[in-house]
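In what follows, a single structure is set out as C-alpha cells and then discussed.
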Amino acid sequence: MHQFGDYRTYFETKHLKQQQIDDEYVNWDRDRRADISGGDIQPLKPIFSGCVVHVNGHTNPSISEIHRLIILHGGKFISFLSSKGSATHIICDRLTPRKKIEFRNYKVVRAQWVVDCIKKDTLLDWTNYRLIESVEYGQKRLDIGTAEISNEEEAAAISSDSDVENGFLPLTQQKEQDGETNGLAEDDEEVADAMRQVSGTGEKTVLDANHPDFLKHFFANSRLHHLSMWKADLRLKFFRRILKMNKSAKPKPSKRVGENAVIMHIDFDCFFATASCLNHPKLDITRDPIVVTHGRNSSDIASCNYVARAFGVKNGMWVSEARRLCPNIVRLDYDFDSYEKYSSEFYNYLVSYDIFDHIFPVSIDEVLIDATSYFESMEGDLAANVAKLSARIREDVFKLTKCTVSIGASHNVMLAKLSIRKAKPDGQFFLHDNVEQFLDPLSVKDLPGIGHSITEKLAEEIKNSSTSDVKIRELKELTKTRLMSVFGEKTGTKLFEYARGIDNTSLEIDTTDPEAVLGRKSISVDVNFGIRFETIAQLDNFLIRMSKELYSRLIALGICGSSLTLKLAKRAEGAPINPPKFLGSGRCEYISKSSRLGIPTNDWGIIGSELKAIYRMSNVPVKELRGISISMTKLKDVDTIKSSRQMQLPFRKGRGMITKEPTVTREHNKTPAPTNTLTKEKKEGVTSVLHEQFGKEANVDWEVFQALPWDIRREIQRELERRGLMVKTYSPVKAPLGTKSYMQQLIPTQIGSAPKYVRVLETITKSPTKSPSKSPSKRQRLSPIAKKESIYEDTQSYDSSILNELPSSVKNEVIKDIEYKKKIKDYDMTSLRDRITRKLEDSKAQVSEVSSEWLSAQSTLRKLPVFLNNKVTSLQMQPLLSEWVEMSLSQKGPHQDDIAVFAGYLTKLVSQNLNIALLLLRSFRKALAYHQSLLDMNSSLSEQDRGFLMEGIKDWNNNLNAIFCPIVEDYCVANNIDIDL
Ligand SMILES: Nc1ccn([C@H]2C[C@H](O)[C@@H](COP(=O)(O)OP(=O)(O)OP(=O)(O)O)O2)c(=O)n1
Ligand SMILES: [Mg+2]
Ligand SMILES: [Mg+2]
C-alpha cells in the first residue's frame with residue numbers, strides 16, 4: 001500500500017529526471033544547430049523563462065511539440081501536477097467539466113499561446129488565450145461565485161436569443177416588452193390547474209419539482225413548451241425536405257433584392273382560433289367571437305378571431321379582460337394535433353409547388369417565399385400575375401385545411417410583412433409602387449422587429465417625449481450617422497434603411513448551419529413552476545432530470561451543443577416565500593451562468609454534471625430557488641460532426657492520402673506542392689475535398705502494403721473501405737492460423753493517441769513530392785525544427801529513398817535526429833503493456849454493445865461498456881472497476897464520457913443503496929492503489945512509459961476526489977448521514 005508521502009517523493013524524483021532529459025535535449029539541439037551552421041548560432045530567446053508548463057489532453061500542437069518548444073525557449077515542462085502551484089500554466093485546448101473544476105485555480109491557456117509567443121518571439125499576455133473565462137485566478141473559491149453571478153440583464157439576454165429573431169415571441173416576452181413585468185412565469189395558473197392531481201384521500205394536490213413525473217406533466221401542460229418544441233420540430237422536418245429537394249433540383253438563384261424581386265408573406269388568419277373552431281361544427285368563425293386559451297380567467301389568449309377583434313379583443317390579452325369587452329365570447333381549448341396537421345399540409349403544399357426560389361418557414365402558421373424567378377418568367381403585368389398566384393395559393397390552402405390564409409407581397413421581406421397587414425383577414429395585397437406614400441404615415445413601431453424600447457428612444461430623440469408615436473416620415477429626417485450613434489451600427493442602419501423601404505434580408509438558408517435550420521441559437525428546458533427544494537440532493541436529482549429532458553430534445557432534433565447555460569430564478573428579497581399563485585415563481589431575481597463544454601455533446605451525464613458544477617458556483621441557496629432554465633447553445637448537427645470527425649482522419653499530420661489533387665494543380669504552375677498544403681484546405685472545406693475523393697482509388701503503395709503483417713493489412717483494408725476508397729483488387733485479408741498479431745510487437749509510443757492505422761497508413765502512403773531536385777522542401781519535411789512533429793514521435797514515416805538523395809550534411813543531421821528519437825522511444829515491452837493493448841482491442845468489440853443512448857458525439861473507442869449492462873451486479877463490478885482503471889491507464893486516465901456515465905450511475909445508486917455506492921468508491925481506491933503498486937514494482941518499465949501510466953492514475957485520483965466522492969458526500973450531507981470515505 002502506498003502512502004501519500006511516497007507518491008509525492010515519487011513525483012519529485014520524476015520531475016528531476018525529466019529535467020535532466022530536457023537539459024540534455026536542449027544541449028543536443030544547440031550542438032546540432034551549431035553543427036549545421038558551422039558553429040555560429042544565435043541562442044534561442046528564453047521567452048518562457050520562469051514558466052512551468054503542464055499540458056492536459058489533446059492539444060494542437062501536440063504535447064510533445066509543446067514540450068520541445070517550451071524547453072528550447074527557457075521554460076520548464078512538467079508531466080504531472082504533483083501539487084497545486086507546481087505549474088504556472090496549464091496548456092489545454094478542451095475544457096471538460098471535470099477539468100474546469102480541477103484547474104479552476106490555474107492559468108489555463110490554449111496551445112496557440114505557445115505557438116504565437118514563439119512566432120512573436122516574446123511572452124504574450126496569456127489572458128488573451130485563456131480557456132476558463134472570468135475567473136479571478138488565484139482567488140479563493142468564494143470570490144469566484146460572486147464574480148460569476150450576472151444580473152438580470154444577462155438573464156433576459158438568454159431568454160431572448162431563442163425565439164425573438166423570427167418574431168415568434170412567447171407571450172410572456174411580449175408582455176415584458178410591453179412593460180408588463182411578470183418575471184419568468186408563463187402560464188402558472190394554467191399549468192398548476194392541469195397539474196393538480198387528485199390524491200388517494202380525494203384531496204387535490206399539486207405535483208412539485210420533487211415528483212419524478214413532474215417534468216412529464218409540466219411539459220405536457222405547458223403551451224409555450226408545445227409551441228417551441230413544435231416550431232423547432234416542424235422547421236427541422238421542413239428543412240430536411242428542402243435539403244433533399246435542393247440536391248436534386250437545379251441551383252437556386254441567390255439573394256434577390258430590388259425592384260424585380262417578389263417576396264410573399266403568407267400567414268394563417270387567427271390560426272389557433274380557426275383550427276380549434278373546426279372541431280365545433282355549430283360555431284362559425286366568421287360570425288361568433290372566439291378565443292383559444294388554456295385556463296379561465298387569468299390565462300392569456302393565444303388566438304382570437306376577427307369577430308372578437310372587432311370588440312377590441314387581442315391576442316395575448318387576459319381572458320377576463322376579453323370577457324369584459326365581449327361578454328358572449330366563446331372560449332375554446334387548444335388542439336395541438338390539428339394545428340400540426342394543418343401546418344404540415346400547408347408546408348407540404350408549398351414545397352411541392354416547385355416554382356419558388358426560396359421558402360423560409362417563419363413559424364407554425366407562416367412562411368416567406370421568394371418567387372422572383374417565377375414572375376420574371378411570366379408574360380404580362382406583374383401586379384396581375386402576383387394577384388393571380390396569391391389567389392391560387394389562398395384557394396388551394398383553404399381547400400386543403402378549411403383555414404384561410406392572407407398574403408402580403410412586395411419587393412423585400414420588410415415590405416411584404418407590412419403588406420400582409422393590409423391583406424388580413426382572408427385577403428391579399430401587393431405593394432409595388434408608391435412605396436413611399438405607403439410607408440410615410442405608418443408608425444415606426446409597425447416596422448417588423450422594432451420594439452418598444454427603440455420607439456421610446458426614438459421619440460425622445462425626435463420629440464423629447466417618451467410617449468408620443470413616431471411616424472416613419474419623421475424617422476426619415478434623422479441622418480444615418482445620428483441613428484447609428486444612438487442605436488449602434490446595426491440597428492441604426494436598419495432604421496435608416498427601413499424608413500426608405502430598403503431591406504436586404506435574404507431568404508436563402510444555410511442548411512448546414514443548425515442555428516439557421518432551427519431558427520434559433522439555443523435549445524432549452526425552462527421550468528418556472530413547482531420549483532421548491534429542501535436539499536441539494538433534491539436539486540441534483542432535478543438537474544439530472546432536466547438534463548435528460550434536454551437530451552431527449554437534442555436527440556429528437558439530431559443536434560449537439562458545446563455551451564451550456566444555467567439560469568436560476570431566485571426569490572427576490574422581500575418577496576413572500578409562497579407567492580399568491582401556489583407553487584408559482586413569484587417575484588424573482590435572475591442569475592445566469594454559461595459554461596463552455598469544449599466539444600459538442602448531447603450526453604445528459606455530462607450536461608448534468610456540468611449543471612451541478614455551475615449551480616455550486618452560484619451561491620443561491622436551494623430553498624430560494626423558484627425557477628430553473630437550462631439551455632444549450634453553439635449548436636451543431638450530429639451528422640455533420642460525425643462526418644467531419646471521420647473525414648479529418650487523413651489530415652492528422654498533414655500527410656494524408658489525399659495528396660493527388662493539389663499536386664496536380666500545382667504541377668501546372670511548375671511549383672511543387674508542399675505536403676502540408678492540406679492544412680489550408682482543411683480550414684477552407686475539408687468536406688468538399690473529401691467528397692471529391694470518395695470513390696477514387698487510395699493513394700497507397702501496394703507493394704509496401706503486401707509486405708505488411710496480416711493484421712495491419714486487414715486493418716488498413718477496413719479503414720480504406722470505411723473511407724470509401726476502393727480496394728477491390730484485393731480480397732479481404734484474413735488472419736493466418738496461429739499467427740501472432742503484429743500489433744503486439746509494434747505499439748505506438750502513446751497507445752490510443754491516434755488510431756494506429758493512421759500511423760501505418762502514413763508510412764505506406766506514397767509521397768507525392770519524390771522529385772530529386774527539390775531538396776529544400778524535403779529538408780523542410782525532414783528537419784525536426786521545420787517539421788511539426790514531436791521529438792518523441794515515430795521515425796518510421798521517413799522515406800529512406802528520400803534520405804539517400806540528401807546531401808550528406810543534411811542526411812547526417814536527419815540520422816542524428818532519428819537516432820535521438822529512437823533513444824527516447826525505445827523501451828521494453830512489458831507484460832502490463834501487452835495486457836493493456838489487448839484490453840484496448842477487446843474494448844473495440846464491446847463498443848457496439850453500448851446502448852445508443854450513450855453514444856454522444858464524442859464517443860470513441862474509450863466508451864465504458866461494462867457498467868451499462870444491467871445484468872452486472874454491484875459485487876461483480878469490483879473486478880470490472882479494476883479492469884476499467886487498467887484499461888484506461890493507457891489513455892492517461894478515464895474518458896470523460898465514461899466519467900459522466902459513472903457519475904450518473906453513482907447518483908442514481910446513492911439514493912437506492914448507499915452501502916453499495918460506498919463499496920464501489922472504496923473499491924476504486926483499492927484498484928488505484930493496486931495499479932500504482934504494480935507500476936512501482938515493475939522495474940522493466942521505461943521512465944517515459946511509467947510516467948505515462950502514472951498520469952493515468954493521477955487522472956483517476958482526481959476524478960475520484962473531484963467528482964465521484966462529492967456525489968456521495970453531498971447526498972450524505974443532505975441526508976444527515978455520517979460517513980468516512
Ligand atoms: N406568442 C404567441 C404567438 C403565437 N401563438 C400561436 C397562436 C396563433 O394562432 C398562432 C399564430 O400566430 P399569429 O401571430 O400568426 O396569430 P394568429 O394567426 O392567431 O392571428 P393573425 O391573423 O393575426 O395572424 O400561434 C401563441 O400561442 N403565442
Ligand atoms: Mg397567423
Ligand atoms: Mg403567424
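Sequence positions, counted from 1, serve as the residue numbers for this chain. As the structure lists them, so they are numbered: ligands from 1, and atoms in each ligand from 1.
- Any N or O atom pair closer than 3.5 Å counts here, and Ile364 shares no such pair with ligand 1.
- If you number the atoms of ligand 1 from 1 as listed, the ones under 4.0 Å from a heavy atom of Asp267 come out as 15 (O), 24 (O).
- If you number the atoms of ligand 1 from 1 as listed, the ones under 4.0 Å from a heavy atom of Cys270 come out as 17 (P), 18 (O), 19 (O), 20 (O), 21 (P), 22 (O).
- Remark: ligand 1 atoms within the under-4.0 Å shell around heavy atoms of Asp269 are 22 (O).
- Ile420 and Ile407 get closest at one heavy-atom pair: CG1-C, 4.1 Å.
- For Arg421, no heavy-atom contact with ligand 1 is shorter than 4.0 Å.
- Centred on the Mg ion (ligand 3), the angle running from Asp365 (OD1) to Asp267 (OD2) is recorded as 100°, rounding to 10°.
- Ring geometry for Phe430 against His432 counts as parallel: the plane angle stays under 30°, on a 0 to 90° scale with 60° as the upper cut.
- Restricting Glu366 to its N, O or S atoms, the one at the least distance from the Mg ion (ligand 3) is OE2.
- Checked by atom type, the side-chain pair Ser631/Ser524 shows no donor-acceptor distance below 3.5 Å.
- Checking Thr274 against Tyr342 by side-chain atom types alone, no donor-acceptor pair falls below 3.5 Å.
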Leu495 and Phe487: CA distance, side-chain angles, deciding distance, side chain to side chain contact (heavy atoms under 4.5 Å, CB included) verdict: CA-CA 9 Å; Leu495 282 170; Phe487 296 100; 3.6 Å; yes

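- For the residue pair Asp269 / Tyr306, no side-chain donor-acceptor distance below 3.5 Å is found, with atom types taken as modelled.
- In this structure, Tyr339 has its ring center under 6.0 Å from that of Phe272.
- With a 4.0 Å cut-off on non-hydrogen atoms, Asn315 touches ligand 1 through its side chain and not its backbone.
- Note: Phe429 and Phe438 have parallel aromatic rings, judged against thresholds of 30 and 60 degrees for the angle between ring planes.
- For a threshold of 3.5 Å applied to N or O pairs, the pair formed by Tyr306 and ligand 1 contains at least one separation below that value.
- Taking only non-hydrogen atoms, the option from Val292, Asp365, Asn305, Val405 nearest to atom 11 (C) of ligand 1 is Asp365.
- Taking 2.8 Å as the criterion, Phe271 does not count as a coordinating residue of the Mg ion (ligand 2), since none of its N, O or S atoms falls below it.
- The distance criterion of under 3.5 Å between nitrogen or oxygen atoms is met by Phe271 with respect to ligand 1.
- Residue contacts with ligand 1: Phe268 is placed with a nitrogen or oxygen under 3.5 Å of a nitrogen or oxygen of the ligand (distance criterion only).
- Residue Ala302 places no N or O, backbone or side chain, under 3.5 Å from any N or O of ligand 1.
- For the residue pair Asn412/Asn504, the side-chain donor-acceptor check at 3.5 Å is not satisfied.
- Remark: distances from the non-hydrogen atoms of Lys314 to ligand 1 are all 4.0 Å or more.
- A pairwise comparison of heavy atoms in Thr293 and Val319 identifies CG2-CG2, 3.3 Å as the closest pair.
- Listed by number with element, the atoms of ligand 1 under 4.0 Å from a non-hydrogen atom of Lys424 are 21 (P), 22 (O), 24 (O).
- For the residue pair Asp526/Ser629, the side-chain donor-acceptor check at 3.5 Å is satisfied.
- The atoms of ligand 1 that sit less than 4.0 Å from any heavy atom of Arg309 are 19 (O), 20 (O), 21 (P), 22 (O), 23 (O).
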